[in-house]
Asker: 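Sharing a structure with you now.
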Amino acid sequence: MLNFLALIGRVVLGFLGHLGRLTIFAGAAISHCVRPPLYPRLIGRQMIDIGYYSLPVVGLTAIFSGMVLALQSYTGFARFSAESAVANVVVLSITRELGPVLAGLMVAGRIGASMAAEIGTMRVTEQIDALTTLSTNPFKYLVVPRLLAGLLMLPLLVLVADIIGVFGGYLVGVYKLGFNAGVYINSTVDFLQPLDVISGLVKASVFGFIIALMGCYNGYYSKGGAQGVGAATTNAVVSASILILTSNYILTELFFAS
Amino acid sequence: MSAMPKIHLKDVRKAFGDKQVLNGVDLDIAPAESVVIIGGSGTGKSVLIKCILGILTADSGTIEVDGTDVTHQPAAAREKVNKKFGMLFQGAALFDSLPVWENVAFGLMQGDHMPRKEAKARAIDTLSKVGLAPEVGDLSPSELSGGMQKRVGLARAIASNPEIVFFDEPTTGLDPIMADVINDLIVTCVRDRGITALSITHDMHSARKIGDRIAMIYEGRLIWVGNAKDVDRAGNPYVDQFVNGRAEGPIKMQLRR
Ligand SMILES: Nc1ncnc2c1ncn2[C@@H]1O[C@H](COP(=O)(O)OP(=O)(O)O)[C@@H](O)[C@H]1O
Ligand SMILES: [Mg+2]
């Protein structure tokens with residue numbers, strides 16, 4: 001019994017320790033974001049990596065999500081003879097939820113993992129220590145460019161995903177379900193509020209920050225050679241995905257609950 | 001007492017969990033002096049250097065650089081002190097995302113804000129001092145052999161004219177000839193320029209060659225410090241065993257934990 005309680009205690013303490021360390025890490029990273037010097041070159045490179053090279057995966061995810069949404073909602077609405085709502089459902093689901101969440105999850109797998117692997121390898125091969133000895137702050141040099149790039153690029157990616165996803169719905173709607181093209185476009189645009197898109201972009205920004213933060217944090221504290229780097233990579237993706245889904249719910253509440 | 005020591009260590013202690021790695025290290029290093037620390041693997045040699053560099057923070061004790069206490073200095077102030085330092089890491093720790101010349105010029109560009117072009121010229125110049133051709137500058141570190149990586153690491157350590165240089169096992173993992181090349185480079189780059197040096201090694205040949213003084217670390221303390229030429233008649237059974245590389249003696253290797 002005592003052993004069992006001790007085990008619970010250890011797990012809880014370990015979790016709190018992690019949480020505390022993560023909070024301190026995030027605080028330090030944010031404070032470095034607003035103090036010079038920044039490294040525009042490095043920020044640019046990260047923006048290309050996150051934004052440009054993620055386009056294919058995010059685009060593919062978006063187009064098929066839009067297509068399947070149109071198909072499924074049509075089946076559902078046909079039962080209530082409400083087929084005309086398809087376009088509306090597609091555009092709202094994509095801009096509010098699926099665009100940001102799916103892009104976030106895909107980028108977490110792609111970018112979060114590679115950030116953790118790169119920074120983790122730098123940690124275990126002492127390259128991060130070497131930065132310090134060369135009078136370069138590792139937070140400024142490694143963490144800040146990734147955080148800023150995540151924060152800025154995810155909304156752009158999601159905007160593209162929104163457009164592609166809606167287009168996917170349009171393709172299925174017009175060419176498979178037999179909607180009139182003009183009517184489909186009209187019912188897409190008519191009910192769309194600016195907040196629908198903006199809330200999605202704000203979510204995307206938060207997700208981008210989460211992805212970069214978890215990638216950097218797990219890489220920064222990885223230890224013990226290749227195995228440690230592997231574990232850091234897994235943790236970065238899993239924790240970023242969980243945090244994305246959790247914060248998505250909270251953000252939806254904040255935006256639309258009232 | 002003569003001039004102020006460049007580095008002054010007093011009762012430095014460092015533990016990881018319940019494992020006491022440094023257990024009261026005292027050492028003074030005079031300006032332009034080269035001190036070599038010898039000792040078995042895992043005895044805390046690298047940890048000691050990292051405490052001086054501020055990569056790790058000592059639990060207690062005092063670390064002074066040029067008379068300034070840096071033991072618990074915050075990171076921002078630390079960056080200023082670190083400008084005096086150069087460090088050659090055990091595994092070279094070159095930045096594999098950058099070409100060789102940018103590695104060497106890193107401190108110049110980031111720390112001293114030198115323009116790229118000028119920094120590149122300086123990097124090529126420093127590379128030639130460690131016997132590497134200018135073409136090597138455009139290679140990636142992963143394309144280099146171990147010996148070349150060590151030389152690039154050495155070039156990076158001395159490129160921004162540091163006052164104090166640390167060498168962590170500069171010859172480990174190299175063939176004897178390359179090891180001696182590195183030793184010679186350390187002697188010419190450091191001793192002849194009046195740089196203060198603290199090196200770590202368990203290669204006795206290297207220790208004799210690059211050190212003015214030798215210190216032996218055992219169980220977290222420096223158990224013997226003396227002139228390099230006296231190391232063979234230290235009269236200390238631990239030092240004798242280490243210098244002669246014998247399995248029998250007072251030092252028991254922990255084969256099991
Ligand atoms: N960051 C760290 N966290 C925990 N233990 C460490 C850390 N760095 C070093 N150690 C431990 O301290 C001891 C000394 O390490 P080190 O100084 O690297 O040895 P060496 O004398 O071979 O350079 C080792 O047992 C190592 O496991
Ligand atoms: Mg070591």
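Letters go in sequence order (proteins before strands), and every chain restarts at 1.
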Asker: Which region of B/Leu94, side chain (C-beta onward) or backbone (N, CA, C, O), has a non-hydrogen atom less than 4.5 Å from a non-hydrogen atom of chain A, or is it both or neither?
Answerer: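 Backbone only.
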Asker: Counting heavy-atom pairs under 4.5 Å to chain A, which of B/Gln110, B/Met87, B/Gln90 comes out on top?
Answerer: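 Top option by heavy-atom pairs under 4.5 Å: B/Gln110.
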Asker: Taking atom CD of A/Gln227 as the centre, does the number of heavy atoms from other residues, nucleotides or ligands within less than 6.0 Å exceed 12?
Answerer: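 No, the 6.0 Å shell around CD holds no more than 12 heavy atoms from other groups.
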Asker: Any heavy-atom pair between the side chains of A/Thr132 and B/Asn82 that's under 4.5 Å?
Answerer: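 The answer is yes; the side chains approach within 4.5 Å.
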Asker: Which atom names give the shortest non-hydrogen contact between A/Thr133 and B/Ile55, and what distance separates them?
Answerer: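 Heavy-atom minimum between the residues: CG2-CD1, 4.0 Å.
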Asker: Atom CZ of residue position A/Phe64 - does it have more than 12 heavy atoms of other residues, nucleotides or ligands inside 6.0 Å?
Answerer: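 Incorrect, the count does not exceed 12.
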Asker: Could you look at B/Lys50 and say if it's the side chain, the backbone, both or neither that has a heavy atom under 4.5 Å from chain A?
Answerer: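 For B/Lys50, the side chain is the part near chain A, not the backbone.
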Asker: Using non-hydrogen atoms and a limit below 4.5 Å, what part of residues 108-130 of chain A faces chain B?
Answerer: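 Near chain B, by residue number: A/Met122, A/Thr125, A/Glu126, A/Gln127, A/Asp129, A/Ala130.
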Asker: What do you reckon, is CZ of A/Arg21 surrounded by more than 12 foreign heavy atoms closer than 6.0 Å?
Answerer: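 Counting neighbours around CZ of A/Arg21, more than 12 heavy atoms of other residues, nucleotides or ligands fall under 6.0 Å, so yes.
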Asker: What is the ring orientation for A/Tyr141 with B/Phe95, classed by angle as parallel under 30°, tilted 30 to 60°, or perpendicular over 60°?
Answerer: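 The rings of A/Tyr141 and B/Phe95 sit tilted, inter-plane angle from 30° to 60°.
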Asker: Atom CD in B/Glu79, atom CG in A/Asn137: separation rounded to 0.5 Å?
Answerer: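 Answer rounded to 0.5 Å: 5.5 Å.
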Asker: For B/His72, I'd like to know if atom NE2 has over 12 heavy atoms of other residues, nucleotides or ligands within 6.0 Å.
Answerer: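 Counting other residues, nucleotides and ligands, NE2 of B/His72 exceeds 12 neighbours.
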Asker: Atom OH of residue position A/Tyr39 - does it have more than 12 heavy atoms of other residues, nucleotides or ligands inside 6.0 Å?
Answerer: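 Yes, enclosed.
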